[in-house]
> 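So that we are looking at the same thing, I have put the structure below in structure tokens.
Naming: A, B, ... by sequence-line order, numbering from 1 per chain.
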Protein chains: 2
Amino acid sequence: MTRYNHPTRILVALDCIIFGFDGEFLKLLLIKRNFEPEKGKWSLMGGFLNEEEDLEVAAARILYELTGLRDIYVEQLQTFGKVDRDPVERTVSVGFFALINIDDHDPEAVKAHNAYWISLNDIPELIFDHAKMVELARERLRYKAALHPLGFELMPEKFTIPQLQKLYEAIYGMTLDRRNFSRKLLSTGLLIDTGEKNENSATKKATLYKLNREKYQDKFHEFWNFMPDTFLI
Amino acid sequence: MTRYNHPTRILVALDCIIFGFDGEFLKLLLIKRNFEPEKGKWSLMGGFLNEEEDLEVAAARILYELTGLRDIYVEQLQTFGKVDRDPVERTVSVGFFALINIDDHDPEAVKAHNAYWISLNDIPELIFDHAKMVELARERLRYKAALHPLGFELMPEKFTIPQLQKLYEAIYGMTLDRRNFSRKLLSTGLLIDTGEKNENSATKKATLYKLNREKYQDKFHEFWNFMPDTFLI
DNA sequence: CCAAAAGTGTTTCCCATACACCCATGG
DNA sequence: CCATGGGTGTATGGGAAACACTTTTGG
């Protein structure tokens with residue numbers, strides 16, 4: 001079998017930055033490592049690329065292994081390739097950015113990997129360059145969520161507008177005007193009124209909406225404007 | 001020396017999508033391969049990642065080798081990792097997106113690599129998945145140039161507003177209103193009037209501007225709006 | 001009846017758009 | 001003096017932002 005005449009073949013790893021939202025805080029699914037290397041420390045969920053496996057397939061495999069979920073929102077973040085990023089051996093790692101509904105994950109799988117949902121405000125020290133990956137993923141979320149209706153990926157099937165507003169306020173660390181936010185969202189035509197109300201409320205029950213999936217697919221790449229003009233990245 | 005107990009180490013390649021603008025057309029720097037594999041066919045400029053070399057350093061090395069330029073605009077595009085993307089051997093390739101002033105490149109280096117500037121309208125068939133890389137890079141350029149003052153990277157040191165408008169029209173394949181474009185650009189405060197005029201003109205000579213580099217650095221990541229609101233990706 | 005949260009309405013003001021007009025230059 | 005392209009001015013409309021008010025619910 002023919003091969004290239006180049007000496008350097010390298011381990012290719014994948015690391016997944018997995019976001020969730022519990023109604024109040026933005027969270028990441030992190031692993032308290034009960035295996036080597038760096039046993040006992042915190043890290044992202046990762047794995048190695050196999051010989052006969054597409055890169056995206058490997059990412060889906062690793063995400064499924066930890067969360068029990070398929071067909072979730074995943075995009076490539078960036079590839080990290082500093083020589084010394086992994087002290088064990090030269091490794092290039094492709095970072096993947098995932099958004100899931102925090103209620104959908106399989107608790108068994110998460111527990112089996114010794115993984116926990118950690119608020120973005122309380123991220124512990126992470127191994128290797130994982131902190132840099134998290135920071136970049138956070139910027140990417142802030143960037144894209146301002147322009148595209150990304151936030152729905154973090155919501156349950158049915159949700160209220162105030163819940164969605166809380167998500168945006170968590171992403172950007174700022175408060176938003178209730179009335180303008182609601183109008184902006186409804187004007188996108190992305191919301192379908194389910195006719196139901198949120199029963200978990202001590203006051204006026206908010207309307208439960210679901211996502212208009214067809215329109216969401218069609219218009220996802222258009223530029224929208226989910227944040228006030230006064231907001232700057 | 002300790003190593004990971006994983007069997008698959010893979011060649012890591014880099015491929016560079018290099019954009020230039022000649023005043024009329026957007027162009028790519030492509031290679032007519034006079035070496036194996038796929039000798040005689042067209043491809044992007046690429047190379048392999050070395051053992052003791054950071055990924056970004058490798059990209060800069062490859063770009064320097066072809067153009068003779070350092071400190072140009074480079075960003076990671078995406079990593080391509082289909083199993084069969086390279087028929088010679090399993091190879092993962094990191095795509096890099098570069099913007100250069102077409103007049104600055106070293107013609108000797110370009111000639112030595114048998115490279116040519118090809119208009120984006122006339123891209124020939126490319127090897128492997130390079131056509132996909134080009135398409136993605138093109139989308140990235142269209143995306144970012146609408147939001148950030150990226151276009152200046154493709155301009156010479158001194159340029160006129162009509163020249164810049166021609167660039168945007170080439171990127172998006174549409175005509176723009178002269179007067180609104182000019183106002184929008186000037187209102188950013190990114191342009192410094194050099195006091196000189198473009199002498200290569202048969203009619204009224206346009207003002208030559210240069211980029212306000214400090215402001216450009218500071219404000220690059222803010223959201224701007226260089227395209228009409230009616231424009232959708 | 002009251003407090004807290006959800007929903008709807010209104011006014012104002014800025015800015016993007018779509019125009020028209022004037023200026024400079026070479027032939 | 002005229003054709004071509006560069007530069008400046010202006011009216012208008014839509015939409016974002018900043019507000020006030022009403023409605024629903026549980027206690």
Side-chain angles (χ1 to χ4, degrees), chain A residues 23-24 145-147 149 155 158-170 172 174-210 219 222-232, chain B residues 23-24 145-147 149 155 158-170 172 174-210 222-233:
Chain A
E24 188 174 10
L147 299 169
M155 285 280 134
K158 297 174 184 178
F159 55 88
T160 69
I161 291 182
Q163 284 170 358
L164 198 60
Q165 182 176 340
K166 282 221 163 48
L167 167 62
Y168 275 80
E169 291 180 336
Y172 297 102
M174 64 192 289
T175 56
L176 299 171
D177 184 274
R178 211 163 34 86
R179 300 154 284 195
N180 293 332
F181 185 83
S182 171
R183 181 151 12 97
K184 198 176 276 189
L185 254 294
L186 288 171
S187 73
T188 63
L190 287 173
L191 301 185
I192 299 174
D193 189 334
T194 63
E196 302 169 59
K197 301 285 180 182
N198 178 17
E199 296 299 328
N200 310 326
S201 170
T203 64
K204 183 170 182 177
K205 298 177 196 319
T207 305
L208 282 165
Y209 293 91
K210 60 175 182 168
K219 310 279 188 178
E222 288 184 10
F223 282 143
W224 268 320
N225 187 18
F226 292 100
M227 292 298 290
D229 289 355
T230 49
F231 162 79
L232 297 172
Chain B
E24 186 173 12
L147 298 169
M155 286 280 134
K158 297 176 184 177
F159 54 89
T160 69
I161 292 183
Q163 283 169 359
L164 198 60
Q165 181 175 342
K166 282 221 163 50
L167 168 61
Y168 274 80
E169 291 180 336
Y172 297 103
M174 64 193 289
T175 56
L176 299 171
D177 185 274
R178 210 163 34 87
R179 298 153 285 194
N180 293 331
F181 185 82
S182 171
R183 191 191 2 257
K184 198 175 278 189
L185 255 295
L186 287 170
S187 74
T188 64
L190 287 173
L191 301 186
I192 300 174
D193 189 334
T194 63
E196 302 169 59
K197 300 286 180 181
N198 178 16
E199 296 298 330
N200 310 324
S201 169
T203 64
K204 184 170 180 176
K205 298 176 197 318
T207 305
L208 282 164
Y209 292 91
K210 61 176 181 169
E222 289 184 9
F223 283 143
W224 267 321
N225 187 16
F226 292 101
M227 292 298 289
D229 289 355
T230 48
F231 163 79
L232 297 172
I233 291 287

> Are more than 12 heavy atoms, taken from residues, nucleotides or ligands other than Lys184(A), located less than 6.0 Å from that residue's NZ atom?
yes
> For DNA chain D, find the residues of residues 187-207 of chain A with a heavy-atom distance under 4.0 Å and give them by number; none if there aren't any.
Ala202(A), Thr203(A), Lys204(A), Lys205(A)
> Nucleotides 9-12 of chain C: which of its N/O atoms have a protein N/O under 3.5 Å away?
residue : atom : partner   : partner atom : Å
dT10(C) : O4   : Arg183(A) : NH2          : 3.4

> Please lay out, stage by stage, how Glu199(A) and Lys205(A) fare under the test side chain to side chain contact (heavy atoms under 4.5 Å, CB included).
CA-CA 6 Å; Glu199(A) 296 299 328; Lys205(A) 298 177 196 319; 3.1 Å; yes
> Would you indicate whether Lys210(A), at its atom NZ, is surrounded by more than 12 heavy atoms from other residues, nucleotides or ligands within a distance under 6.0 Å?
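12 or below, so no.
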> Taking the side chain as everything from C-beta on, heavy atoms only, tell me whether Leu208(A) gets closer than 4.5 Å to Lys197(A).
no
> Given Watson-Crick or G-U pairs with both distances under 3.5 Å, what dot-bracket string fits DNA chain C, with | for other-strand pairs and [ ] for crossing?
|||||||||||||||||||||||||||
> State whether the side chain of Ser182(B) and the backbone N or O of Arg179(B) hold a donor-acceptor pair below 3.5 Å, judged by distance alone.
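The answer is no, because no donor-acceptor pair under 3.5 Å joins these two groups.
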> Is Arg178(A) side chain donor-acceptor paired with the dG7(C) base, going by distance under 3.5 Å alone?
yes
> Answer yes or no: does atom NZ of Lys219(A) have more than 12 heavy-atom neighbours from other residues, nucleotides or ligands under 6.0 Å?
no
> For a 4.5 angstrom cut-off between non-hydrogen side-chain atoms, does Leu186(A) reach Leu191(A)?
yes
> Do the side chain of Glu169(B) and the main chain of Leu176(B) share a donor and acceptor less than 3.5 angstrom apart?
yes
> If the test is side-chain contact (heavy atoms from CB on, under 4.5 Å), which one of Leu190(A), Asn180(A), Leu164(A) qualifies with Leu185(A)?
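Of the listed residues Leu190(A), Asn180(A), Leu164(A), the side-chain contact (heavy atoms from CB on, under 4.5 Å) partner of Leu185(A) is Leu164(A).
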